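To start, the structure under review is shown below, and the notes come after it.
Please read all numbers here as calculations on a predicted model, not as lab measurements.
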Amino acid sequence: MKTMYSVPEITKILGVSKNAVYALIKNNCFKSYRTAHGYLIPISSFESWLYEGKV
């Protein structure tokens with residue numbers, strides 16, 4: 001079962017640019033983890049922010 005989204009997946013879900021997603025990450029809108037290949041965002045944290053406005 002998938003538990004994390006990548007930045008490209010978030011861009012598709014929200015219909016925004018990569019820079020917009022990086023701005024959300026920088027502003028701590030949802031949890032994120034930096035890896036050697038970019039950022040990973042926990043689905044639960046992203047959905048909480050998206051649907052409830054919470055982190």
Taken in chain and number order and not counting sequence neighbours, the residues that satisfy side chain to side chain donor-acceptor pair (under 3.5 Å) with S44 are none

TODO: Taking S32 for its side chain and Y39 for its backbone only, find out whether a donor-acceptor pair lies under 3.5 Å.
DONE: no

The remaining residues in the hydrophobic cluster of L40, counting side-chain heavy-atom contacts under 4.5 Å among Ile, Leu, Val, Met, Phe, Trp and Tyr, are M4, Y33

Please tabulate, for side-chain N and O atoms in residues 11-26, each donor-acceptor pair with protein atoms closer than 3.5 Å (sequence neighbours left out).
| from | atom 1 | to | atom 2 | distance (Å) |
| --- | --- | --- | --- | --- |
| T11 | OG1 | P8 | O | 2.6 |
| S17 | OG | N19 | N | 3.4 |
| S17 | OG | A20 | N | 3.2 |

Rounded to the nearest 0.5 Å, the CZ atom of F30 sits from the CD1 atom of I10 at a distance of 5.5 Å

